[in-house]
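Basis for what follows: all heavy atoms, side chains included, without hydrogens, waters or symmetry-related copies. Each chain gets a letter, A, B and so on, in the order its sequence line appears, and its residues count up from 1. All values derive from a computational prediction rather than experimental measurement.
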Amino acid sequence: MSEENSLPNQLEKCPTGIVGFDEISGGGLPRGRACLLSGYAGTGKSLFSIEFIVHGIEDYDEHGVFVSFEEAPNELATNVASLGFDLAKLQEQKRLRLMHIELPQMMVESGEYDLKALFIRLSCAVEAVQAKRVVLDGIENLFSAFSDLSILRTEFRRLVNWLKEQELTAIITTERGRYELSRHGLEEYIADCVIALDLRVENQLATRRLRIVKYRGSAHGGDEYPFVLDKSGFIVMPVTSVGLSYDVSREKVSSGIADLDYLLNGGYFLGSSVLVTGTSGTGKSSISAHMVQQACKEGKRCLYVAMEESPLQIQRNMSSIGIDLKTPTDAGLLRFHAVRPTSHGLEKHLSEITTEVLRFEPEVVIIDPVSAFAIGVSDETVKLMLVRAVDLFKSRGITALFTCLTSGDMAEETTSVGLSSLVDTWLLLRNFETGGERTRGLYICKSRGIAHSNQVREFVMTDSGVHLEDVILDENGKILTGSARILHNRMKAVENQIQKDGMDRQKQLLEIKRQALEAQISIMRTEFEREEKEIFAQLEREKLRNHAAIDAINEIANLRKNNTISKN
Amino acid sequence: MELLGDFELEDDGTIIWYLRLYITGRSAKSLNAIANLKKICDEYLPNRYEMEVIDLVAKPFLAEEAQIIAIPTLIRVLPEPIRRVIGDLSDREKVLLGLEVKPILPNDGVSNSLK
């Protein structure tokens with residue numbers, strides 16, 4: 001999408017305001033052109049079109065004309081009222097014009113005709129509200145009302161040209177033909193943009209898909225994007241399975257557990273996905289809660305998708321280990337999306353999660369547990385759905401944590417839906433039974449990009465949260481946990497004490513020896529100094545004697561010289 | 001006088017027909033339609049008709065009111081019910097059929113207007 005902005009003469013886009021669509025189309029529909037929207041009955045064409053108009057008015061201040069060749073205006077208004085669209089009000093405000101073209105059943109045709117009056121009416125409507133957007137919904141009904149198809153084709157071509165001349169961005173909806181996108185081959189005339197809507201039922205899931213068949217002048221996915229029609233309207237899920245090009249970050253997100261952060265060199269990578277698996281009661285939710293608490297403390301928004309426990313239950317349970325989730329919830333930083341897994345199909349679940357993500361824009365998402373989705377559905381389907389979820393999160397730089405229940409017996413290394421291959425970090429919680437106790441251990445099974453220890457750590461839940469204790473191995477290499485560990489530690493402490501005592505004594509002996517040595521040294525030094533003094537004194541005496549001798553000789557010499565002189 | 005369904009028998013001379021023709025400017029189709037209509041009316045409804053020509057180029061807002069799509073469109077306003085014929089009216093048979101100026105006998109199997 002960023003490439004679009006760098007092109008010199010890019011095609012200008014008209015944003016539709018439809019959740020997810022503007023993303024996948026690089027900004028919306030081509031401005032000033034007509035777009036063909038094709039699909040069987042009930043695939044959502046009218047809804048897409050009316051949303052295009054309403055969002056155009058409310059979000060972009062572009063007025064619109066909605067021409068229906070099928071539904072009467074009041075029917076349409078009623079149908080979309082539940083989405084919060086007040087069409088009557090928009091019409092009163094002269095921002096919207098709803099037109100219903102009545103097509104008389106059997107019109108007698110005598111001689112030649114054209115559809116100029118339709119143009120005139122359309123023109124009037126566009127002028128009346130100064131429209132920039134137009135929808136022609138169900139235009140192929142025109143074709144059934146008139147018998148001369150060649151006239152209709154000519155007029156249709158003129159209509160498309162007229163729309164372009166008027167610089168109107170238009171959506172023209174058609175019913176899907178058997179092999180073609182429209183029953184009368186209209187796609188010939190609309191070359192710029194063609195979108196197809198589809199509704200399929202596979203694996204007991206009704207899936208709706210949108211495909212951009214053609215989009216001239218713009219790079220587009222070409223893939224099918226799933227979408228849903230829910231209580232807030234048309235939602236396209238902007239995830240594709242093609243292309244794994246996300247921005248990657250080297251930043252870390254704290255897990256909220258200091259010991260775990262240490263093991264992971266700072267925490268989870270930003271935008272990565274984490275899987276926590278374990279049998280029931282091993283503490284998976286606590287790991288999630290820690291992450292959430294930490295993120296909220298840093299002011300990040302978190303979305304907690306709870307599939308098994310109610311939000312209040314989670315809050316209560318977590319407060320017993322010292323994690324406060326109520327405060328961030330009240331502050332609006334933590335949002336719970338609690339839903340029963342069997343309440344509706346996977347597609348709907350995914351769409352709800354997607355909507356929440358697109359609207360709430362969290363930086364952290366928890367799905368607890370993901371294994372709940374697998375109830376009553378094939379594993380393959382669940383995995384497919386989760387691939388898309390992971391895709392969605394990665395593309396938005398959301399750090400995601402999934403918890404997954406495992407059956408425990410032998411399948412600990414494999415999760416029920418083969419999820420471990422999808423995620424970047426995999427933490428495995430396992431119960432140990434030693435010395436008549438059950439304690440929990442945490443393994444870092446996998447951690448892409450982080451060098452991690454392969455040793456298990458004991459996972460202890462205290463009222464100040466989760467702590468990871470180093471694992472102790474006894475002489476036989478057996479892991480000691482719980483009270484066995486405490487006992488071992490005590491023994492160790494005693495041993496250490498004994499050792500320490502022993503060492504202390506040794507130190508004392510050493511000290512005595514040193515003192516003795518020092519004393520000896522000091523004696524020797526004193527001796528030495530005395531000798532030194534002696535020698536110096538001797539040297540001094542020698543020197544004096546020499547001086548005296550020399551002086552004596554000089555004296556004698558002087559005396560003799562003087563005598564000689566005085567004799568003369 | 002007997003009214004069978006909604007059409008007039010030719011012999012009845014009391015009802016005045018009121019016809020409205022929608023055209024756009026002075027195009028060939030529009031002019032032809034006017035001419036053809038006049039001819040038909042003079043022949044089949046001498047002195048019993050009133051013809052109004054509405055130019056949508058001059059008065060575009062009237063198109064919406066009357067729900068006009070094709071041009072030219074001829075509407076029989078009176079006698080009721082309303083009937084429509086579209087085109088330049090060059091096919092006389094069709095016009096007569098559409099306006100139901102020509103009587104349609106019950107056993108014709110073409111009747112489409114009985115209430």
Does any heavy atom of chain B fall under 4.5 Å from the side chain of Leu142(A), the backbone, both, or neither of them? side chain

Residues 60-75 of chain B vs chain A, non-hydrogen distance cutoff under 4.5 Å, contacting residues -> Pro60(B), Phe61(B), Ala63(B), Glu64(B), Gln67(B), Ile68(B), Ile69(B), Ala70(B), Ile71(B), Pro72(B)

Could you please state which residues from residues 120-131 of chain A sit under 4.5 angstrom from chain B, measuring non-hydrogen atom to non-hydrogen atom, sorted by number, or 'none'? Ile120(A), Arg121(A), Cys124(A)

Heavy-atom distance under 4.5 Å to chain B: side chain of Phe119(A), backbone, both or neither? neither

Rounded to the nearest 0.5 Å, what separates atom CD1 in Ile23(B) from atom NZ in Lys116(A)? 10.0 Å

Using a 4.5 Å cut-off on heavy atoms from C-beta on, say whether the side chain of Asp114(A) contacts that of Lys29(B). yes

For a quick test of reading the model, state the closest non-hydrogen atom pair linking Ser110(A) to Val85(B) and the distance between them. CB-CG1, 3.9 Å

Donor-acceptor pair, side chain of Asp88(B) and main chain of Glu112(A), under 3.5 angstrom: yes

